[in-house]
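Report on one structure; see the data block that follows.
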Amino acid sequence: MCGRFTLRATPEEVANHFRLLDLPDFSPRYNIGPGQMVGIVRAQQAEPGAEERTPEINAASPKSASPAVGSDAEPAVKREWAWVKWGLVPHWAEDPSVGNRLINARAETVGTKPAFRTAARYRRCLIPADGFYEWKASSRGKQPYLIRLRGDRLFALAGLWDQWHSPTGEILETCTVLTVEPNPLVARFHNRMPLILPPEAYDLWLNPTIIQFDRLREWIRPYPEDEMEAVAVSSYVNSTRHEGPRCVEPAAGTGTLFDNNSS
DNA sequence: CCAGACGTTGTT
DNA sequence: GTCTGG
DNA sequence: CCAGACGTTGTT
DNA sequence: GTCTGG
């Protein structure tokens, strides 16, 4: 599953990887947890008070209707960075505290569950990350591991977002991370893992004209294990009050990098 | 029809 | 909001 | 995900 | 033990 992750890359790297029009503003994050504000990439939203009336955001574009192939070089839909709270609060929720429990959503069923169905059709997003944490129980307590791509590359968690209007009229934007079956590497830790999308899927995932969630099924699968690795890290990361490089320091005594090829 | 729910995760 | 259960 | 709380009453 | 908050 996914209850904690990192975004250690620079704003430049994120803007480049996700083809953002504007440079986002953030500091490296070593310990992003539920309830915190996270940066997401989503299809550019219509400006609320904009003078210019943009006719039908690309709804009829032939490019946006065909599946993206090969790379993420030419986004059919403009993308924007947004800050939202991790823990999805459905727009119809009475109490925003439900978000505390909706930090993950099963990708297999998200198209039909009432809490996620509409978001799965109209409000998908990518959540930039470059690592996530899993805890493994042992005789000496719980040992945290940082799981990342080989080469420590940036990647995208598949997510959904929603808007909630408080009684006093404030708008709360929130998100959730989709999960799938784990690949064998992550299965050492848990029976679920976050859904990681390859760049060639970004355009389809963010395309608001794709409202049939079934068209995204081919991307609902565990990320290849041979592109991933796990490192035992300090339990300093356990507390969400902790931030900084200490969170990813190799655990004392281990220093072991354990991946699919080690035995 | 109205009332009531709406979600995920963990684990021996 | 929208679906399920009674 | 882990950490930390876990409760009520009165009253100005 | 179980829920809430971060």
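Lettering of chains follows the sequences in order, A, B, ..., and the numbering in each one begins at 1.
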Quote, to the nearest angstrom, the [atom1] distance that separates [N] from [M].
N     : M      : atom1 : result
E/dC3 : B/dC6  : P     : 14 Å
D/dC2 : B/dT12 : P     : 13 Å
D/dC1 : B/dT8  : P     : 14 Å
B/dA5 : E/dG6  : P     : 26 Å

Taking N or O atoms only and anything under 3.5 Å, show me the protein contacts with nucleotides 8-12 of chain B, one pair per line.
residue: B/dT8; atom: OP1; partner: A/Arg106; partner atom: N; Å: 3.2
residue: B/dT9; atom: OP1; partner: A/Thr179; partner atom: OG1; Å: 2.6
residue: B/dT9; atom: OP1; partner: A/Arg192; partner atom: NE; Å: 3.4
residue: B/dT9; atom: OP2; partner: A/Arg106; partner atom: NH1; Å: 3.0
residue: B/dG10; atom: OP1; partner: A/His190; partner atom: ND1; Å: 2.8
residue: B/dG10; atom: OP2; partner: A/Asn191; partner atom: OD1; Å: 2.2
residue: B/dT11; atom: O4; partner: A/Asn191; partner atom: ND2; Å: 3.2

Heavy-atom check, side chain of [X] versus side chain of [Y], under 4.5 Å:
X        : Y        : answer
A/Thr176 : A/Phe116 : yes
A/Met193 : A/Tyr223 : yes
A/Arg79  : A/Leu206 : yes
A/Val110 : A/Leu160 : yes

Could you list, one pair per line, each protein nitrogen or oxygen that sits under 3.5 Å from a nitrogen or oxygen of nucleotides 1-3 of chain B, together with the distance?
none

Mind checking if A/Ile103 touches a base, just sugar-phosphate, or nothing, with heavy atoms under 4.0 Å?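 A/Ile103: base contact, heavy atoms under 4.0 Å.
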Outermost nucleotides of DNA chain E that come under 4.0 Å of a non-hydrogen atom of chain A: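 First and last nucleotides in contact are E/dT4 to E/dG6.
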Same cluster for A/Phe189 and A/Leu149 if Ile/Leu/Val/Met/Phe/Trp/Tyr side chains link at under 4.5 Å?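 Same hydrophobic cluster.
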Is the cationic atom of A/Arg124 (NZ for Lys, CZ for Arg) positioned less than 6.0 Å from the six-membered ring centroid of A/Trp161 and within 45 degrees of its normal?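 No; the conditions do not both hold, so A/Arg124 does not lie above the ring face of A/Trp161.
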Check whether A/Phe213 forms a cation-pi arrangement with A/Arg121 (NZ or CZ under 6.0 Å from the six-membered ring centre, at most 45° off the ring normal).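 Here A/Arg121 fails the 6.0 Å and 45° test against A/Phe213.
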Can you name the ring-ring contact (aromatic ring centres under 6.0 Å, His included) partners of A/Trp83, sequence neighbours left out?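 Scan of A/Trp83 (ring-ring contact (aromatic ring centres under 6.0 Å, His included), adjacent residues dropped) gives A/Trp81.
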Ring centre gap for A/Tyr145 and A/Tyr133 strictly below 6.0 Å: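 A/Tyr145 vs A/Tyr133: aromatic centres not under 6.0 Å.
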Taking atom types as modelled, is there a side-chain donor on [X] or [Y] under 3.5 Å from an acceptor on the other?
X        : Y        : result
A/His190 : A/Glu134 : yes
A/Glu173 : A/Gln163 : yes
A/Thr6   : A/Asp130 : yes

So does A/Arg241 get a side-chain nitrogen or oxygen closer than 4.0 Å to the phosphate oxygens (OP1/OP2) of D/dG4?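 Result: yes.
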With a 3.5 Å cut-off and sequence neighbours excluded, list the donor-acceptor pairs that the side chains of residues 21-30 of chain A form with protein atoms.
residue: A/Arg29; atom: NH1; partner: A/Met37; partner atom: O; Å: 3.4
residue: A/Arg29; atom: NH2; partner: A/Gln36; partner atom: OE1; Å: 3.0
residue: A/Arg29; atom: NH2; partner: A/Met37; partner atom: O; Å: 3.0

Paired and unpaired positions of DNA chain D as dot-bracket, Watson-Crick or G-U wobble under 3.5 Å, | denoting a partner strand: ||||||......
